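To keep things clear, I will list the structure first and then write my remarks on it.
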Amino acid sequence: MTLRLLDTLSGQQRELVPLETGHVRIYSCGPTVYGPAHIGNFRSFLFADLLVRYLRYRGLRVTWVMNITDIDDKIIRGAAAQEITIGEMAKHWTDRFLADAAALRMTPPDVLPRATEHIPEITTLIASLLERDHAYRTEDGSIFFRIASWPAYGRLARLDPEQLRVGERVEADEYGKDDVRDFALWKGPKLGEPTFSTLLGEGRPGWHIECSAMSMKHLGPSFDIHTGAVDLIFPHHEDELAQSEAATGLPFVQTWLHCAHLQMAGSKMAKSTGNIERVGDLLGRGISARALRYVLIAVHYRAPLNYVDASLVAAGSALERLDALLAALAAYREDGPDDSGLADLIAGTRAGFERALDDDLKIAPALAVLFDCVREVNRRIDARTLSTADAEIVTSFLHNLDRVLGIGPDPVDDGLTPDMEALLEARAAARTGRNWSESDRLRDELAQHGIVVEDTRDGQRWRRLEEHHG
RNA sequence: GGCGACGUACCCAAGUGGUUAAGGGGGAGGUCUGCAAAACCUCUAUGCAUCGGUUCGAAUCCGAUCGUCGCCUCCA
């Protein structure tokens, strides 16, 4: 196991050595459930998914925690506007998020903690910050982190705290903060806002503190990997890092991973600008979820991903290439001897695939190796050098790689209706009788039902045609 | 203004000092096929934003210029 990852904090690639032998603990910043996540959000979740899948493929135990932020300003405002509770609003969009995630084959995280279910952990953490004088109360019952008490502040984002531009987006002091750069750990009660009665008094948690409290609750005070998109580096992760280490005195995270943004029409996809494409909308337009997943994971996580509609079509075609190979292997029958070169081909492909992903999850060379293997196997199918047993070996090898990628065809795809089975049988019979016009007619009819029929040396072969276009 | 990422073919995208610049998509031609489809074969960047420099050798290192994007307390 020699996975190397580029850590945001050190700026260096570092080898993953789990704090607990054989067990990798990962925390990913998840969605704030005030509306539907867009495909840019899912890029950051799916890059974490790829990491988790790869570690498990490599035989490591992984505990993956992804938070659900179910209380914040936007949820409160949105719920008020719709005259529902924040709980109802959060439930609705959490369900939607989980449905989209499942469609995109995101591995279900082991824990999906909610902020509102961790108020005791949050307040205990804040209390210890108060105790250590890293935090202070203001008159309205709010509690702020004192940046001046933490010299390392700004290291993650490589920002000089002195240089933060006051006035542009740093609000002038409305709560009586000691320093305008100090951030809220706890927000005092306000009319019309939900509050919790706690050992700190009335109020609700700030944004950053929930991730510190929930990650440490479920993974311990020090864990291996923390993921998110680059826009979370500052202030969210900077604040998390400061308050966590200030509270425990222990190193918080071994490796910070941040993915670049997905761009559309030349700029960052963001809910605030409306420059967005949602998973549900795309699937509703008939886009294949597999193709969308492929598009979202096929570019290295630290490179900007430029989303264009054409990339879905290209991804769909690439997937059909894989599907066609698997269908050919499933139908392949040859009594000859085993292919003497197959073991080397598989070993070389596996080695290349792992070498690429070990290097900071370089997905592009991994896919290149996979498609090289696809071409080579197709050659051997054409040349009939594989045995029937070889075909099964290749199939299970490809399925094994797909544990990492998650782009293979749906396993239970044999739901042929009796009508379709009858059409296939009729066509096979027509071909046996060399009745070409009838067999061509049946091929067209099957195509209209989304079933592609191909004639091969191994007989008539069929597979489903997925919709990849909008 | 500060910090950072990036610019490779028609599109997406690897490669970061040394054989013919991966892979996917698209396009052209061919083989196979009753016809198709799929598959396979051949072709599709003497050149990597531009200009200089270092070097025996540069897409890769250095400098400058042009352009794109992001962060600098809403953010995946």
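Fair warning: this is a prediction, and the values are worked out from it, not measured in the lab.
Closest contact between the side chain of A:K362 and the listed nucleotides B:A36, B:G15, B:A38 involves B:G15. Of the listed nucleotides (B:A38, B:G34, B:C69), B:C69 has the atom at the smallest distance from the side chain of A:Q263. The side chain of A:R379 lies closest to B:C41, out of B:A76, B:G2, B:C41. The side chain of A:P304 sits closest to B:A5 out of B:A5, B:C71, B:A36. Checking B:U73, B:C40, B:A36 against the side-chain heavy atoms of A:D382 singles out B:C40 as nearest. Closest contact between the side chain of A:F183 and the listed nucleotides B:U73, B:A76, B:C40 involves B:U73. Among the nucleotides B:C40, B:A76, B:U73, the one closest to the side chain of A:F234 is B:U73.
For the C1' atom pair drawn from B:G15 and B:A76, the interatomic distance equals 28 Å after rounding to whole Å. Nucleotides B:C11 and B:U33 have their C1' atoms positioned 32 Å apart, rounded to a whole Å. Spacing between B:U73 and B:A13 at atom P, rounded to whole Å, works out to 29 Å. Across B:G18 and B:A59, the matching P atoms stand 10 Å from one another, rounded to whole Å. Annotation: B:C12 and B:G26 have their P atoms spaced 15 Å apart (nearest Å). Comparing the C1' positions of B:C32 and B:A39 gives a spacing of 9 Å, expressed to the nearest Å. Remark: the separation of the C1' atoms in B:G47 and B:A21 is 8 Å, to the nearest Å. The P atoms of B:U55 and B:U60 are separated by 16 Å, rounded to the nearest whole Å.
Within the shown strands, nothing qualifies as a pairing partner of B:A59 under the Watson-Crick or G-U definition with both distances less than 3.5 Å. Of all nucleotides present, only B:U65 satisfies the Watson-Crick or G-U wobble test against B:A49, with each distance under 3.5 Å.
Side-chain N/O atoms of A:H237 and A:H208 include no donor and acceptor closer than 3.5 Å. Looking at A:Q460 and A:R427, their side chains do bring a donor and an acceptor atom within 3.5 Å of each other. Side chain to side chain, A:E240 and A:H236 meet the donor-acceptor criterion of an N or O pair below 3.5 Å.
Sequence order on RNA chain B of the closest nucleotides to A:R431 and A:A270 puts A:R431 first from the 5' end. Residue A:A157 is the one, among A:N306 and A:A157, whose nearest nucleotide of RNA chain B lies closer to the 5' end (criterion: closest heavy atom).
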Filtered N/O pairs between nucleotides 17-25 of chain B and protein, under 3.5 Å:
residue : atom : partner : partner atom : Å
B:G24   : OP1  : A:R375  : NH2          : 2.9
B:G25   : O3'  : A:S317  : OG           : 3.4

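The pair A:K268-A:D231 meets the salt-bridge criterion, with a side-chain N (NZ, NE, NH1 or NH2) lying under 4.0 Å from an Asp/Glu carboxylate O. Looking at A:R14 and A:D360, no side-chain N of the basic residue comes within less than 4.0 Å of a carboxylate O on the acidic one, giving no salt bridge.
For the pair A:L6 CG and B:U16 C1', the interatomic distance rounds to 15 Å; values are reported in whole Å. Taking atom CZ of A:R463 as the reference point, atom C1' of B:A38 lies 7 Å away to the nearest angstrom. We find that CD1 of A:I451 is positioned 23 Å from P of B:A36, with the value rounded to whole Å.
Looking at heavy-atom distances under 4.0 Å, A:H258 makes no contact with the nucleic acid at all.
An OP1 or OP2 oxygen of B:C74 is reached within less than 4.0 angstrom by no side-chain nitrogen or oxygen of A:K271. OP1 or OP2 of B:A39 has not a single side-chain nitrogen or oxygen of A:R461 nearer than 4.0 Å.
Judged purely by atom type and a 3.5 angstrom limit, A:D7 uses its side chain to pair as donor or acceptor with the backbone of A:W256.
Side chains of A:M66 and A:F45 form a contact here, defined as non-hydrogen atoms less than 4.5 Å apart. Within the 4.5 Å cutoff, the side chain of A:I209 has no heavy atoms near those of the A:W186 side chain.
By the 30° and 60° cut-offs, the orientation of the rings of A:F97 relative to A:F42 is parallel.
The base of B:C74 sits within donor-acceptor range of the side chain of A:K74, with an N or O pair under 3.5 Å.
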